[in-house]
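Residue numbering restarts at 1 for every chain, and letters A, B, ... go by the order of the sequence lines. FYI, side chains are in, hydrogens and waters are out, and symmetry mates aren't considered; it's all heavy atoms of this structure.
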Protein chains: 2
Amino acid sequence: MTTISEVAKAAGVSVSTVSHVLNKTRYVSPEKAKLVMEAVDEIGYIPNAVARSLKLSSTGTVGLVISAISNPYFSDIICAIEAECSKRGLIVFLCDTQDDPDRELELIRHLHQRRVDGIILAASGAPKKSLDYLFECDVPCVLVDRLSDDRFDQVGTDNTAAIRMLVDHLVTLHHQRVGIILGQPGFSTTVERTEAFRAAMAEKGIEVPHAFISNGNRSTADATASTHRLLELTEPPTAILASNNLAMIGAMRAIRERGLRVPADISVLGIDDFEWADYFEPRLTLMAQPCDEIGRKAADLLIARIGSKHRPRETVRLSPVLRVRESCGEAA
Amino acid sequence: MTTISEVAKAAGVSVSTVSHVLNKTRYVSPEKAKLVMEAVDEIGYIPNAVARSLKLSSTGTVGLVISAISNPYFSDIICAIEAECSKRGLIVFLCDTQDDPDRELELIRHLHQRRVDGIILAASGAPKKSLDYLFECDVPCVLVDRLSDDRFDQVGTDNTAAIRMLVDHLVTLHHQRVGIILGQPGFSTTVERTEAFRAAMAEKGIEVPHAFISNGNRSTADATASTHRLLELTEPPTAILASNNLAMIGAMRAIRERGLRVPADISVLGIDDFEWADYFEPRLTLMAQPCDEIGRKAADLLIARIGSKHRPRETVRLSPVLRVRESCGEAA
DNA sequence: CAAAAAAACGATTGCGCAAACGTTTCGATG
DNA sequence: CATCGAAACGTTTGCGCAATCGTTTTTTTG
């Protein structure tokens with residue numbers, strides 16, 4: 001691997017001149033600049049960004065710490081963040097915590113050792129040691145999706161609006177008995193969606209039986225079991241609201257296992273749109289979270305935070321979009 | 001940010017002792033080791049991996065250069081690679097080339113500047129400048145999915161086997177007129193699947209009209225248009241084989257637009273399984289590519305390559321799995 | 001035409017670390 | 001009790017670079 005001093009020697013100039021030519025950090029006469037560029041080409045010099053980072057104490061890297069990168073919702077967010085960071089000349093370290101807080105802390109420590117300029121985090125559940133760590137170490141950080149700590153900038157979907165629009169849609173179609181399949185307990189998204197559901201239903205003057213609210217679904221299997229439980233009730237719901245894509249897959253599975261038709265026998269709708277939704281039956285009525293916007297805004301905020309550590313914190317709630325299809329019909 | 005020499009001062013030992021304690025690279029008496037560890041805790045020392053990398057000329061990083069990270073197929077591969085690298089103590093830089101060869105070259109140069117230990121690449125189409133670059137610069141590299149250059153280690157699906165199994169399945173169901181919606185022209189996957197399709201059909205003694213082979217579908221929109229063209233034929237195919245997930249989405253869209261039922265009016269099957277496939281109609285018969293295995297093997301090969309630059313190159317073809325569902329019925 | 005200012009470039013340091021090399025101490029050995 | 005060897009630790013260098021500080025040459029100005 002060649003170094004800057006080899007370039008200097010080949011070009012017959014000093015290392016500082018080479019450096020200044022390559023970084024355009026001070027005037028160098030065209031003749032010398034040409035010599036330098038020729039020497040670079042000739043010996044095939046590739047600047048060493050590691051040495052550069054050490055000297056500049058800035059790496060141009062961002063840690064992206066996601067709780068489950070295989071989840072298509074997060075895939076979309078990762079994609080948007082990568083695109084935005086790339087546009088800004090930053091490069092992304094991708095890490096999957098697998099929803100394990102200990103692993104999350106370990107990964108964040110590792111990223112910190114690598115001196116990432118900042119971190120974008122979809123935090124796991126409690127305990128929130130990693131957030132304490134980030135705060136204490138003063139690492140620029142933006143929280144995405146799960147917004148639970150206003151010591152940091154945060155970007156996510158407006159869950160209250162999302163649920164409210166879904167409930168509106170349900171009530172318009174005369175549904176009164178609505179079951180909801182929620183996600184992992186403890187996540188702020190779960191908490192917010194639960195609260196929003198209760199509130200929105202209450203506003204419509206509808207009382208929700210305790211049994212209609214299914215919390216603690218960590219996997220599609222959990223969601224399947226929960227949905228079965230809902231449908232076994234003597235007075236089962238006429239509609240099921242799946243609060244995320246895992247819940248939806250699980251719910252659809254249960255519905256399929258029971259041989260029910262959607263929306264004839266049961267209405268279904270939920271949160272998290274996906275690309276196939278338009279071409280398969282049942283065509284699911286879904287709230288699309290604004291993944292692109294979330295990703296872009298998260299990158300924006302992080303870059304701003306890296307730029308000035310003492311700017312005021314921001315929490316940004318972006319509006320989801322209801323895609324009305326046919327899985328939610330009129331109540332019987 | 002604290003440094004190793006501050007730790008040394010706080011512990012009353014030399015920097016080398018601190019270094020050796022932290023890296024366990026030589027014997028240090030328990031007393032001094034304890035002093036060091038206490039000093040580390042007290043002043044909150046975080047080793048600087050950038051400086052370490054510079055000194056060791058090895059970064060413990062891997063570049064993951066993917067042509068479209070939002071594609072669920074690649075998402076799965078990314079997930080598997082991240083998991084395997086993480087297990088081996090490597091961390092992954094994620095880059096999206098958006099199938100642009102120039103961008104690909106630029107990203108690879110950038111990664112090389114950052115002195116990644118190796119690169120895993122899902123290459124874009126021609127021109128293959130980035131491969132030449134990687135080869136000339138002697139960067140450890142593994143190609144995934146698109147295998148077209150045996151200067152490198154390569155891992156992918158056995159496309160010939162995949163197509164053969166699909167054709168077998170079609171022929172078992174008495175289909176003779178089979179249209180195929182292929183992906184981007186120039187990709188080795190496209191070429192291989194085209195060849196395999198011709199060969200497998202020929203083996204069955206079935207002649208494939210030129211119009212049944214639709215090449216050059218760069219997007220779902222292309223695939224939709226191509227499928228429409230296939231279905232407008234005076235003697236249209238009785239089955240459509242979508243050679244990847246984008247082609248499938250496009251095909252399904254066209255079929256839906258024409259109001260056709262699957263499999264009653266037209267049979268459909270393809271490559272690339274997805275999580276929802278079991279719970280929606282039509283339940284698609286699909287070849288699942290072994291994404292987990294591909295990712296794991298790619299990381300394996302890369303680590304081996306990093307370990308010894310002169311080991312023989314390997315090309316690994318992993319077996320896909322046919323998931324028979326109901327979208328492909330008996331031919332009329 | 002001397003003095004000052006500006007233009008162009010070079011020598012050197014230090015970023016934080018690993019480890020090669022060097023030093024001290026102390027017990028074993030003849 | 002000199003000598004040797006090993007155990008335990010310290011001093012120092014150099015990884016490749018950016019940029020500070022310094023030097024030389026050229027131009028401007030009174």
Report which part of the nucleic acid B:Leu54 touches: base, sugar-phosphate, or nothing (heavy-atom distance under 4.0 Å, all strands).
base

More than 12 heavy atoms of other groups within 6.0 Å of A:Lys9 NZ
no

hbond_proxy B:Ser16 side chain to D:dT11 base (donor-acceptor, 3.5 Å cutoff):
yes

Are A:Ser29 and C:dC9 close enough that a side-chain N or O sits under 4.0 Å from OP1 or OP2?
yes

Below 4.0 Å: OP1/OP2 of C:dA18 and any side-chain N or O of B:Asn23:
yes

Carboxylate-amine/guanidinium proximity below 4.0 Å for B:Asp300 and B:Arg88:
yes

Ignoring the backbone of B:Val28, work out which of D:dC17, D:dC9, C:dA18 is nearest its side chain.
D:dC9

Taking only side-chain N and O atoms of A:Lys32, does any of them lie within less than 4.0 angstrom of OP1 or OP2 on C:dG10?
yes

Determine the contact category for A:Val15: base if any of its heavy atoms lies under 4.0 Å from a base atom, sugar-phosphate if only primed atoms, P, OP1 or OP2 are that close, otherwise nothing.
base

Round to the nearest Å and state the distance from B:Ile46 atom CD1 to C:dC17 atom P.
11 Å

Nearest to the side chain of A:Leu56, heavy atoms from C-beta on, is which of D:dC17, D:dA18, C:dC17?
D:dA18

Mind checking if A:Thr17 touches a base, just sugar-phosphate, or nothing, with heavy atoms under 4.0 Å?
sugar-phosphate

Between the base of D:dG10 and the side chain of B:Arg26, is there a donor-acceptor distance below 3.5 Å?
yes

With a 4.0 Å cut-off on heavy atoms, is A:Ser57 in touch with a base, just the backbone sugar-phosphate, or nothing at all?
nothing

Rounding to 0.5 Å, atoms CG (A:Asp132) and CG (A:Leu134) come to a distance of 9.0 Å

Is the closest side-chain donor-acceptor distance between B:Arg103 and A:Ser86 under 3.5 Å?
yes

Nearest-nucleotide wise, let me know which of B:Ala51 and B:Gly12 is further upstream toward the 5' end of DNA chain D.
B:Gly12

At less than 4.0 Å, is any side-chain N or O atom of B:Thr3 found next to OP1 or OP2 of C:dG16? Yes or no.
no

Is there a side-chain contact between A:Arg114 and B:Thr61 in this structure, where contact means two heavy atoms from C-beta onward sitting under 4.5 Å apart?
yes

Minimum-distance nucleotide (side-chain atoms of B:Lys55 versus D:dC17, C:dA19, D:dG14)
D:dG14

